[in-house]
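The structure appears right after this line, and notes come after that.
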Amino acid sequence: MNPIIEANGARIPAVGFGTWTLRGKECARLVEQAIAVGYRHIDTAQMYDNERAVGEGVRASGKRDDVFITTKVQPENLRARDLEESARQSVKTLGFEPDLLLIHWPNSRIPLAETIGALNKVKREGLTRHIGVSNFTVALLEQAVKLSEVPLVCDQIECHPFLDQSKVIAACRRHGMAVVAYSPIARGGADRDKVLGRIGQAHGKSAAQVSLRFLVQQGLVVIPRTSKAERLKENIDIFDFELTAAEMKEIGALGARRGRIVDWSYSPDWD
């Protein structure tokens with residue numbers, strides 16, 4: 001069973017399928033297969049150049065009404081007029097309205113008030129059911145919440161056992177927002193970690209499954225990406241075991257020693 005995380009009116013399946021780096025027929029095939037094995041949450045973005053393929057995979061599954069679809073506006077399109085056109089283009093490319101539209105990265109060269117205002121407008125116009133942000137720091141998140149007429153649903157951030165994101169998580173919880181974790185197995189780094197491996201052996205699970213379980217057990221949403229069909233089922237097969245309080249504490253301590261794997265130099269707003 002894939003639990004539902006409720007956040008400001010949205011109902012987001014706890015485990016989604018991330019599609020970053022997937023393209024064309026391979027992407028469409030993997031999306032269709034992911035839905036076939038139980039995924040009900042698919043994550044895409046304009047920046048990934050795969051919205052069309054994601055749409056094709058969802059339609060091929062025959063389960064569009066059951067699947068939560070997220071896409072994102074790239075930071076070059078955060079002026080009001082550009083964002084509105086971008087949202088319309090995403091609907092056209094996907095072939096349907098997304099359930100959630102996010103600002104992919106903040107852009108300090110464009111007033112946040114203008115961007116959030118436009119994001120609210122496209123929601124009012126029915127181009128998305130829900131809105132949110134991605135890669136927002138606590139300070140930016142607080143500003144965005146104050147500026148938005150309707151509640152923001154989530155902040156999608158890099159999150160895995162090797163990165164302490166407790167401040168952003170706490171900020172999201174204060175505002176009833178979900179935290180959606182991308183790179184939740186640290187781009188394969190979880191598989192190489194001895195602590196996660198040992199805990200996984202105790203439960204008959206892989207280190208990657210322990211990493212995902214660690215996040216989901218805290219109430220986070222995870223969107224692991226894979227290009228291997230056999231890993232699809234493994235990544236969602238994390239609901240038949242539970243980590244002990246001692247194991248959660250031990251895994252939590254890993255974040256003090258290691259950090260970010262995503263290059264934040266892309267965004268001028270990271271400090």
Side-chain angles (χ1 to χ4, degrees), residues 4-13 16-19 27-28 31-32 34-35 39-107 110-136 141 143-156 172 175-180 221 223:
I4 299 295
I5 302 300
E6 297 191 10
N8 289 334
R11 292 172 52 81
I12 310 174
F17 178 46
T19 62
C27 178
V31 166
E32 184 179 5
I35 294 170
Y39 287 79
R40 292 297 181 266
H41 175 190
I42 308 294
D43 182 87
T44 181
Q46 288 181 328
M47 193 181 292
Y48 302 166
D49 192 27
N50 63 10
E51 287 177 314
R52 189 176 307 280
V54 166
E56 290 171 357
V58 172
R59 284 190 295 277
S61 75
K63 296 185 180 295
R64 168 63 189 106
D65 291 343
D66 301 327
V67 181
F68 190 95
I69 307 293
T70 299
T71 193
K72 314 177 196 75
V73 180
Q74 56 191 38
E76 293 83 1
N77 294 332
L78 298 188
R79 289 284 182 191
R81 182 179 297 179
D82 295 335
L83 190 150
E84 292 166 26
E85 177 56 33
S86 175
R88 293 188 189 96
Q89 185 60 50
S90 283
V91 171
K92 181 178 179 180
T93 306
L94 283 165
F96 46 74
E97 294 81 10
D99 297 283
L100 176 59
L101 182 66
L102 306 180
I103 298 169
H104 202 154
W105 289 85
N107 185 340
I110 299 172
L112 187 58
E114 179 178 350
T115 300
I116 295 297
L119 197 61
N120 277 257
K121 183 179 179 183
V122 299
K123 181 186 185 304
R124 288 195 304 271
E125 293 179 349
L127 297 174
T128 180
R129 291 176 59 205
H130 303 285
I131 56 175
V133 297
S134 180
N135 297 304
F136 271 41
L141 185 63
Q143 291 178 45
V145 167
K146 289 178 181 177
L147 290 167
S148 187
E149 297 173 18
V150 299
L152 300 175
V153 162
C154 78
D155 190 359
Q156 185 180 125
C172 285
H175 297 294
M177 297 169 63
V179 173
V180 178
V221 177
I223 48 170

**Asked** Distance from Asn8 atom CG to Ile12 atom CD1, nearest 0.5 Å?
**Response** 9.5 Å

**Message:** Within the supplied structure, the quantity of interest is the number of heavy atoms (other residues, nucleotides, ligands) at a distance under 6.0 Å from Arg52 CZ; does it exceed 12?
**Reply:** no

**Request:** Sort out for me which residue in Glu6, His130, His41 forms a side-chain hydrogen bond (donor to acceptor under 3.5 Å, both in side chains) with Arg11.
**Result:** Glu6

**Asked** Are side-chain heavy atoms of Leu119 and Ser148 found at a separation under 4.5 Å?
**Response** no

**Fill in**
Rounded to the nearest 0.5 Å, the CD atom of Glu97 sits from the CD1 atom of Ile69 at a distance of 12.0 Å

**Item:** Nearest non-hydrogen partners of Ala178 and Cys172, listed with the distance
**Value:** O-SG, 4.1 Å

**Request:** Determine whether Val58 and Val31 make a side-chain contact, defined as any pair of heavy atoms from C-beta on separated by less than 4.5 Å.
**Result:** yes

**Item:** Gap between atom CG of Leu83 and atom CG of Asn120 - 0.5 Å precision
**Value:** 10.5 Å

**Request:** Report the C-alpha separation of Thr70 and Val180 in whole Å, then their side-chain angles, then the decisive distance to 0.1 Å, and conclude whether the side chain to side chain contact (heavy atoms under 4.5 Å, CB included) test is met.
**Result:** CA-CA 11 Å; Thr70 299; Val180 178; over 6 Å; no

**Asked** Excluding sequence neighbours, so at least two apart, what forms side chain to side chain contact (heavy atoms under 4.5 Å, CB included) with Glu114?
**Response** Arg79, Ala80, Ile110, Pro111

**Fill in**
When every non-hydrogen atom of Asn50 is compared with those of Thr44, the smallest separation belongs to OD1-OG1, 2.6 Å

**Request:** Start with the C-alpha gap between Asp99 and Arg64, add the side-chain angles, then the distance that decides, and say whether salt bridge (Lys or Arg N to Asp or Glu O under 4.0 Å) holds.
**Result:** CA-CA 11 Å; Asp99 297 283; Arg64 168 63 189 106; 3.2 Å; yes

**Item:** Minimum side-chain heavy-atom gap Glu84-Lys121 below 4.5 Å
**Value:** yes

**Asked** Do Leu100 and Arg129 have side chains that get closer than 4.5 Å, going by heavy atoms?
**Response** no

**Prompt:** Should His175 and Leu152 be marked as a side chain to side chain contact (heavy atoms under 4.5 Å, CB included) after you check the CA-CA gap, both sets of side-chain angles, and the distance that decides it?
**Reply:** CA-CA 8 Å; His175 297 294; Leu152 300 175; over 6 Å; no

**Message:** Restricting to non-hydrogen atoms, name the atom on Val91 and the atom on Pro98 that form the minimum distance, rounded to 0.1 Å.
**Reply:** CG2-CD, 3.9 Å

**Prompt:** Are side-chain heavy atoms of Leu101 and Lys123 found at a separation under 4.5 Å?
**Reply:** no

**Prompt:** With a 4.5 Å limit on heavy-atom distance, are the side chains of Gln143 and Lys146 in contact?
**Reply:** no

**Item:** Heavy-atom closest contact (Ser90 atom, Glu51 atom, distance)
**Value:** OG-OE2, 2.8 Å

**Message:** Could you check whether any side-chain heavy atom of Leu102 comes within less than 4.5 Å of a side-chain heavy atom of Cys154, counting everything from C-beta outward?
**Reply:** yes

**Prompt:** With sequence neighbours excluded, what pairs up with Asp66 under the side-chain hydrogen bond (donor to acceptor under 3.5 Å, both in side chains) test?
**Reply:** none

**Request:** Show your reasoning for whether side chain to side chain contact (heavy atoms under 4.5 Å, CB included) applies to Met177 and Val145.
**Result:** CA-CA 10 Å; Met177 297 169 63; Val145 167; 4.0 Å; yes

**Fill in**
Value for CD1 (Ile223) from CG (Asp43), rounded to nearest 0.5 Å, stands at 3.5 Å

**Request:** Determine the minimum heavy-atom distance between Phe136 and Trp105, stating which atoms define it.
**Result:** CE1-C, 4.5 Å

**Prompt:** Given side chains that start at C-beta, do those of Ile103 and Ser134 come closer than 4.5 Å, heavy atoms only?
**Reply:** no

**Closest non-hydrogen atom pair, Ser86 against Asn77** = OG-ND2, 3.9 Å

**Asked** Can you name the ring pair (Phe, Tyr, Trp, His ring centres under 6.0 Å) partners of His104, sequence neighbours left out?
**Response** Tyr48

**Request:** Look up atom CG in Asp65 and atom CZ in Arg40, then write down how far apart they are to the nearest 0.5 Å.
**Result:** 11.5 Å

**Request:** For Thr71 and Thr128, run side chain to side chain contact (heavy atoms under 4.5 Å, CB included): C-alpha distance rounded to whole Å, both residues' side-chain angles, the deciding distance at 0.1 Å, then the answer.
**Result:** CA-CA 10 Å; Thr71 193; Thr128 180; over 6 Å; no

**Asked** In terms of side-chain geometry, is the basic nitrogen of Arg88 or Glu125 positioned less than 4.0 Å from the acidic oxygen of its partner?
**Response** yes

**Asked** When rounded to the nearest 0.5 angstrom, what is the spacing between CD in Glu56 and OG1 in Thr93?
**Response** 11.0 Å

